[in-house]
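One structure is given below, encoded as structure tokens.
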Amino acid sequence: MATFPSPSSPSSATKTHRQYSFLVTTTKLPILKSDPIDALGARLGIPIPEMIFGDNLLSLTHVPSGWSLSFSAEPALDLVDKTGASMLKVAYASEWSATREKTSAGIKEVVKPFDWSYSTSYRGTETRGANGEALAKKKKAGEGKEGKEGKEEKAEKAEQIPLELLRRRDPILFADEVVLYESELDDNGISVLSVKVRVMEQRMLILCRFFMRLDNVVVRVRDTRVYADFGDEKVIREWTSREDKFENVKRNLYMSGLMPDAITVALRDSNQIANLLPVVEHEVESVSLKSA
Amino acid sequence: MPSLPSSVDLDECIARLYKKELLAESVIEAICAKTKELLMRESNVVHVQAPVTVVGDIHGQFYDLIEIFRIGGWCPDTNYLFLGDYVDRGMFSVETISLLVCLKLRYPDRIHLIRGNHESRGVTQSYGFYTECVRKYNSANIWHHFTDLFDYLTLSVVINNQIFCVHGGLSPSIHSIDQIKVIDRYREIPHEGPMADLVWSDPDPERDEFSLSPRGAGYTFGAQVVQKFLSVNNMVHILRAHQLCQEGYQTLFDDRLSTVWSAPNYCYRCGNMASVLEVDSNGGRFFNIFAAAPENDQVKDMQMPDKMNPGGEPGALPDYFL
């Protein structure tokens, strides 16, 4: 019989990897039972997605300073709009409400409006280091002065995650992927927040991705990338939010030469879609953790 | 009733499917055509007598379906009622629905299959069954055979005149069982109306009445709705599936409604338990709880959500994601 670790013994579900000054921890447990779900729902004030991995965790800790960044479901769900102000409607909602009035016009109450697509701008939960180390947007070299765009650009550039180093096939010493929550949006698409990590000898990368596809309406990919360089003990966090109308995504997949069946598959795969979506928000922060 | 082509031996088909072997396309076509004729004669509300074992969502988790037979007894020694959602998400939707359809055709009074919201052309194109059919048969033909058959599945079952069984839940358009009987069900599941509600709606224990889903389509139903429906129809319990529960089942509204969920470790990653509900001849209910079948270890970790591709092959290479 396949067995699963229980929340009462999270140690068996937890993996750790230490690389120089950094410690990576992942915890993978089953979805929450109904009582913890009710408690979480009461704390957050919104219905909880049906696949809620409330005990799961991925964290990165800089051991000497105590600085850490962790990813878990509850703080991510806490950032979901609870007012209904940014609430989406399924594609056939107007057709549905027009015809239903005949039979059930009396039912007008929408239960607790909220953003049921579970869209979150979660970038992880940060704990400051002992000396107050925290992620911050880098002060631009030319800030406050005019006519220094060249220098400004250079400072910005230095801040990017070094993709060329990450493209190298350095051996992966530790890798894991942890789902935080997932909803099938009543079969109107998918909403999933998951986080994965790979650790190489000199550097590591975390990708926390929120992927949401509401069929025939909209597609969102919101990525938080966390890069740590073990040599200079610097961490860069890059936030990229992408979004496009569903029909545009489908058209772009078609234009890329995919056959209809392959488009169906691609629409389920955020890796195939992400780069087709225009960036709507981008931000880079960093923190230096090397002790003076 | 005209018989199957002599080349098709139903018992042999069942034996092969128990071993997870695929049937030939022409055999599937003949079996679906035959089963359609059988289902066409079933009412929208089928009455059965206990004892019967009630099974919730399977979602193509073939090994767990076999585990259910191991635990609950093999067909036809045990009577079965399946509440729908046979396909999508799991890796073996084709094998699962092939076996269930063959069993239905072989033992029509011993096994009943209700339609779930996934027994639909639209949903199966997005959630894996279509892709799996094309991958395993190199054409969409068997997807057409099965989805055409889905249009004939019944919508509800009543056990011992006292337990109402449906995939999703109640509808504001339906007060009496007789209103279900007049639905024209031989069609794709519509977006709205009583047929949609029966396969889609969810209970809401914090409410009394029907409420609109925030999604802009669909209902939830509350305690008063359940009580009224049971008293109007002179029944004691509503039994449905449709919602994942970590414990494998959930009972609401002072034991007036149960959800039964039969896909353990859903999508090979949720770690949840599953159950089947055994109804004895007196109407007593017992949840038989089980975990994922050991054979699933072969496919474990193949399906993380962002490569959720139930029709695809697993990738074993290290993931140099950027």
Side-chain angles (χ1 to χ4, degrees), chain A residues 1-4 29-34 37 50-51 84 87-90 92-97 99-100 103-104 107-114 116 163 166-167 169 172 175 177 179 182 184-190 192 194 196 198 205 207 209 211 215 261 264-265 267-271, chain B residues 117-118 123 125-128 130-131 134 140 172-173 191-194 200 202 204 206-207 209-220 243-247 250 264-267 269-273 290-294 296-297 300 304-309 311-312 318-322:
Chain A
M1 195 176 200
T3 52
F4 295 91
L29 281 160
I31 54 169
L32 294 181
K33 291 179 188 285
S34 57
I37 288 177
E50 62 268 21
M51 296 188 207
M87 199 161 70
L88 297 161
K89 293 269 189 231
V90 296
Y92 49 87
S94 52
E95 171 204 340
W96 191 85
S97 58
T99 43
R100 79 169 191 92
T103 49
S104 48
I107 305 162
K108 293 215 166 64
E109 194 183 1
V110 171
V111 203
K112 308 168 207 152
F114 74 106
W116 51 269
L163 291 178
L166 288 166
R167 280 199 185 94
R169 290 301 197 239
I172 293 176
E177 178 162 8
V179 186
E182 183 175 350
E184 293 153 342
L185 308 182
D186 274 353
D187 297 331
N188 290 297
I190 187 175
V192 56
S194 64
K196 53 186 176 180
R198 60 177 168 109
L205 182 66
L207 171 58
R209 169 166 289 178
F211 172 46
D215 287 332
D261 285 357
T264 303
V265 173
L267 284 169
R268 292 199 290 266
D269 182 0
S270 65
N271 295 318
Chain B
N117 59 302
H118 280 260
V123 172
Q125 286 179 77
S126 292
Y127 291 92
Y130 176 87
T131 309
V134 172
S173 319
H191 277 313
E192 54 86 31
W200 279 107
D202 288 325
D204 184 347
E206 291 174 21
R207 299 272 150 174
E209 300 298 333
F210 280 101
S211 304
L212 293 179
S213 153
R215 279 161 210 181
Y219 294 104
T220 63
Q243 278 180 302
L244 172 61
C245 351
Q246 208 278 344
E247 296 88 339
Q250 190 172 29
N265 194 26
Y266 182 44
C267 296
R269 63 174 173 276
C270 279
N272 59 290
M273 299 299 284
F290 63 99
N296 286 298
D297 290 347
K300 220 177 163 186
M304 289 307 278
D306 72 339
K307 30 184 133 96
M308 194 162 60
N309 182 9
D319 181 7
Y320 281 92
F321 67 87
L322 288 174

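Letters go in sequence order (proteins before strands), and every chain restarts at 1.
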Report summary line: To the nearest 0.5 Å, atom CD of B/Glu247 lies from atom NZ of A/Lys33 at 5.0 Å
Is chain B contacted by the side chain of [X], its backbone, both, or neither, given a heavy-atom distance below 4.5 Å?
X: A/Ser34; value: both
X: A/Leu32; value: backbone
X: A/Asp186; value: both

Query raised in the report: For B/Gln125, is it the side chain, the backbone, both, or neither that has a heavy atom closer than 4.5 Å to a heavy atom of chain A?
Result: backbone
Report task. Work out which heavy atom in B/Asn272 is nearest to a heavy atom in B/Tyr266; give both atom names and the distance. Result -> OD1-N, 2.7 Å
Requested in this report: List in chain and number order the residues that pass side chain to side chain contact (heavy atoms under 4.5 Å, CB included) with A/Arg167, two or more places apart in sequence or in another chain; answer none if no residue qualifies.
Outcome: A/Leu163, B/Leu322
**Report entry** Pairing residues for B/Glu206 by the salt bridge (Lys or Arg N to Asp or Glu O under 4.0 Å) criterion, not counting sequence neighbours
**Finding:** A/Lys112
